[in-house]
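A short worksheet on the structure shown next.
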Amino acid sequence: MELPKHVAIIMDGNGRWAKERNRSRIEGHKEGIKTVKRIIEAAIENKIPYLTLFAFSSENWNRPEEEVTGLMQLLNQFLKNEAKTLEKHEVSLKTIGRIHELPKENYRAIQELVEATTDHNALTLTVALNYSSKNEIVDAVRSIVNQSLKNELDANKINYSTIAKNLETKELPDPDLIIRTSGEYRLSNFLLLQSAYAEIYISPIYWPDFNKHHFDTALEQYALRERRYGALK
Ligand code: IPE
Ligand code: IPE
Ligand code: MG
């Protein structure tokens, strides 16, 4: 079976999962963390080298303060609790997004764990935090313009590869498969350029209920796709 090298997931539906059970949105996010653990395991079991998880978008700051604070606390707990697992399974943690704008505690915990896991090579786990694909492109343009002003590059020679090298994903292959849970059919500002030729799989399942079986189904569906890249087969 043809496996994707890079799977990127828009983890969605925590709030609705909680609402259906008359529980708080934060409880939905707590349950969602269990899914994160399961899916990291599933990626390792399937020998997928790159897994990227959309955990917090730059637009998610617009949610009620209580929810944002709760999410940041859960993120810190996750980083603390999972350090050993990342070590054991040789997972290398990376981030994309403006993480310097996160609360200091989160920022420090992330930096530490990224550093501690940098030599691992079973799975590259990239967590998108305070991530906006549009902002990422803005940052890349700024950086390219600055390089050009310093005569480090010739503006006439800029091509897509120049842009790709200035994106935060420069060390990652483009995603082959994007999974979005909870039945929403949109990308919500996630990896817009990088997913130009990604296969998209929408699952109706809310993220807290998404399990290894659902993940395997997504992989099976991916294997059935014919990727043509504009050419003919
Ligand atoms: C995804 O679940 C988690 C984050 C965006 C942080 P949601 O919180 O978006 O859940 P719904 O979409 O409201 O159900
Ligand atoms: C996208 O989900 C962001 C994450 C999964 C972190 P949202 O729930 O924020 O997206 P919209 O608002 O439904 O587009
Ligand atoms: Mg949502």
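Whatever order the structure lists them in is the order used to number ligands and atoms, beginning at 1. Counting from 1, the numbers follow the sequence of the chain as shown.
- Not one N or O on the side chain of Thr117 forms a donor-acceptor pair closer than 3.5 Å with the backbone of His120.
- Taking any N or O of Trp17, backbone or side chain, none lies under 3.5 Å from an N or O belonging to ligand 1.
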Identify all pairs of nitrogen or oxygen atoms, one from ligand 2 and one from the protein, separated by less than 3.5 Å, and list them with distances.
residue	atom	partner	partner atom	Å
ligand 2	8 (O)	Asp12	OD1	3.3
ligand 2	8 (O)	Arg63	NH2	3.2
ligand 2	9 (O)	Asn60	ND2	2.9
ligand 2	9 (O)	Arg63	NH2	3.3
ligand 2	10 (O)	Arg180	NH2	3.3
ligand 2	10 (O)	Ser188	OG	3.4
ligand 2	13 (O)	Arg186	NH2	2.8
ligand 2	14 (O)	Arg186	NE	2.8
ligand 2	14 (O)	Ser188	OG	2.6

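- For the ring pair (Phe, Tyr, Trp, His ring centres under 6.0 Å) condition, the pairs that include at least one residue of residues 59-114, sequence neighbours left out, are Phe56-Trp61.
- If you look at Lys19 next to ligand 1, there are no close heavy atoms at all, none under 4.0 Å.
- Among residue pairs with one or both ends in residues 213-233, those qualifying as ring pair (Phe, Tyr, Trp, His ring centres under 6.0 Å) are Tyr197-Tyr229, Phe210-His214; sequence neighbours excluded.
- With a 6.0 Å radius and a threshold of 12 heavy atoms from other residues, nucleotides or ligands, Lys30 has its NZ atom at or below the threshold.
- Note: Phe54 and Phe190 have parallel aromatic rings, judged against thresholds of 30 and 60 degrees for the angle between ring planes.
- Checking Ser133 against Asn189 by side-chain atom types alone, no donor-acceptor pair falls below 3.5 Å.
- Near His29, with a cut-off below 4.0 Å to any heavy atom, the atoms of ligand 1 are 3 (C), 8 (O).
- A salt bridge does not link Glu41 to Arg38: none of the charged side-chain nitrogens sits closer than 4.0 Å to a carboxylate oxygen.
- Applying the 6.0 Å contact sphere to CD of Glu115 captures no more than 12 heavy atoms from other residues, nucleotides or ligands.
- No more than 12 heavy atoms of other residues, nucleotides or ligands shown are found within 6.0 angstrom of CD on Glu171.
- Within the protein, the N, O or S atoms lying under 2.8 Å from the Mg ion (ligand 3) are Asp12 OD1.
- At least one side-chain heavy atom of Tyr201 sits under 4.5 Å from a side-chain heavy atom of Arg225.
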task: Might you work through the salt bridge (charged side-chain N to carboxylate O under 4.0 Å, His left out) test for Lys170 and Asp139, ending with a clear yes or no?
output: CA-CA 13 Å; Lys170 58 178 175 288; Asp139 289 346; over 6 Å; no
